[in-house]
Amino acid sequence: MNTIQPSLETTATVIDKMHEHQQIVFCNDPATGLKAIIAIHNTTLGPALGGCRMRPYRTMDEALEDVLRLSKGMTYKCAAADVDFGGGKAVIIGDPARDKTPALFRAFGQFVDSLNGRFYTGTDMGTSMDDFIHAAKETNCIVGIPEAYGGGGDSSIPTALGVIYGLKASNKVVFGTDNLSHKKYIIQGLGKVGYKVAEQLLESGADLYVSDINEEAVKAIQKHAKQLGGNVVRVTGDEVYSVDADVFVPCAFGGIINDETIDLLKVKAVVGSANNQLLMENHGEALKRKGILYAPDYIVNAGGLIQVADELYGYNQERVLAKTSSIYTSLLEVYKQAELDNITTIQAANRFCEKRMEDRQRQNSFFSHTKRPKWDICK
Ligand code: NAD
């Protein structure tokens, strides 16, 4: 196993691309075919944490850009969730349907271990909990593994709960009450998170419009609604953006808030789990101009992150669910600041996270020579 030695020219380009990133590790193991990049963006709040994505990237540049962008996002997500981690991410260059082997993930685990506690990782797009059972044989720095291995299991449970807290906080600002009932919600995506959100909204007495390409998921939620005496209407295609409802709940994929969809939206708020909902940050301004409240996605969908971060202390579901409830107060603080400073909610969320990091930086400089980091208990 050896670390890729880039040429001098490549090194200059990579360092130029790093901006404020602290460290990039290129991993190459010819015996297993592993080619991966680990990026550590910021460790002010603790060791870097971020999932490991596996994709058949076409070029090394594409993989590098993805890992740099995603690891920076994790710094903000960890700060918003108030977990003792910084931002990091890993990408494995390969086809998840063809190139996965236990040996490849063990090799990846060895590279993670070589960082000696600076980077913790787990599943992301293209990887599963089962893959990380192999990686966990080589390092203690794996999170999000199955319950049978000491992990917290299905992280979509706290993620969905976080969306519910996000909806309550947003309803409080828009409608003056955090009650979820007697409102109409449009849920895009009835997968692991969206389905659970739909169930909880129906149980609260809400009316739903749902959109999913998976017919089975739609039929299942309609059946559930019938049992509860609730109302679920199916919408298809782009109709999902123009429904006359109160809140849009995107739980499928990112980029859905863009020039075309903003014109169509009739809702008063957008609150969902999907990552990177705004195609560009300036779409936050367009929503604000239209009087639509946007709940920054990385605050709303932090429940899963809170769960995996909790594994550091020995997973405890009660603690995870209690901490997930702080999404409600964090969002209210962001909304208040956005209004006071007349900025978008995403700008306010970013400032909120940067302030948390600045505050911790000051504490770190005071304590850094005496404090034994909590995460050492894991080693
Ligand atoms: P999932 O894959 O289980 O569900 C996605 C659902 O969207 C599926 O039911 C799929 O059929 C549906 N879908 C796909 N294309 C669609 C389309 N064109 N129109 C309508 N529906 C469509 O994913 P998930 O785990 O529920 O996550 C949902 C979103 O939340 C993703 O963006 C994910 O990145 C984000 N997220 C999830 C978690 C988590 O804990 N699972 C945590 C943070 C963020």
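Order of listing sets the numbers, starting from 1, for every ligand and every atom in it.
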Could you go through ligand 1 and note, for every N or O atom, any protein N or O atom closer than 3.5 angstrom, writing the atom names and distance to 0.1 Å, or 'none'?
{"from": "ligand 1", "atom 1": "3 (O)", "to": "K192", "atom 2": "N", "distance (Å)": "3.0"}
{"from": "ligand 1", "atom 1": "3 (O)", "to": "K192", "atom 2": "NZ", "distance (Å)": "3.0"}
{"from": "ligand 1", "atom 1": "9 (O)", "to": "G191", "atom 2": "N", "distance (Å)": "3.4"}
{"from": "ligand 1", "atom 1": "9 (O)", "to": "D212", "atom 2": "OD2", "distance (Å)": "2.7"}
{"from": "ligand 1", "atom 1": "11 (O)", "to": "D212", "atom 2": "OD1", "distance (Å)": "2.7"}
{"from": "ligand 1", "atom 1": "26 (O)", "to": "K192", "atom 2": "N", "distance (Å)": "3.1"}
{"from": "ligand 1", "atom 1": "26 (O)", "to": "V193", "atom 2": "N", "distance (Å)": "2.8"}
{"from": "ligand 1", "atom 1": "30 (O)", "to": "S273", "atom 2": "O", "distance (Å)": "3.3"}
{"from": "ligand 1", "atom 1": "30 (O)", "to": "S273", "atom 2": "OG", "distance (Å)": "2.8"}
{"from": "ligand 1", "atom 1": "32 (O)", "to": "A252", "atom 2": "O", "distance (Å)": "3.3"}
{"from": "ligand 1", "atom 1": "32 (O)", "to": "N275", "atom 2": "N", "distance (Å)": "3.4"}
{"from": "ligand 1", "atom 1": "34 (O)", "to": "N275", "atom 2": "ND2", "distance (Å)": "3.0"}
{"from": "ligand 1", "atom 1": "40 (O)", "to": "S155", "atom 2": "OG", "distance (Å)": "3.3"}
{"from": "ligand 1", "atom 1": "40 (O)", "to": "T159", "atom 2": "OG1", "distance (Å)": "2.8"}

Query raised in the report: Above 12 or not: heavy atoms from other molecules or residues under 6.0 Å from CD of E354?
Result: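 Buried by this count: over 12 neighbours within 6.0 Å.
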
Requested in this report: Inspect the surroundings of NZ in K336 and state if more than 12 heavy atoms from other residues, nucleotides or ligands are less than 6.0 Å away.
Outcome: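 No, the 6.0 Å shell around NZ holds no more than 12 heavy atoms from other groups.
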
Report task. Report yes or no: do T127 and D124 form a side-chain donor-acceptor pair below 3.5 Å? Result -> no

Query raised in the report: For residues Y335 and S170, is any side-chain donor paired with an opposing acceptor at under 3.5 Å?
Result: yes

Query raised in the report: Could D310 and K323 be called an ion pair, given the rule that one side-chain N must be under 4.0 Å from one carboxylate O?
Result: no

Would you list the atom pairs, donor with acceptor, under 3.5 Å between side chains in residues 144-154 and any protein atom, with sequence neighbours excluded?
{"from": "D154", "atom 1": "OD1", "to": "S156", "atom 2": "N", "distance (Å)": "2.9"}
{"from": "D154", "atom 1": "OD1", "to": "S156", "atom 2": "OG", "distance (Å)": "2.7"}
{"from": "D154", "atom 1": "OD2", "to": "S156", "atom 2": "OG", "distance (Å)": "3.2"}

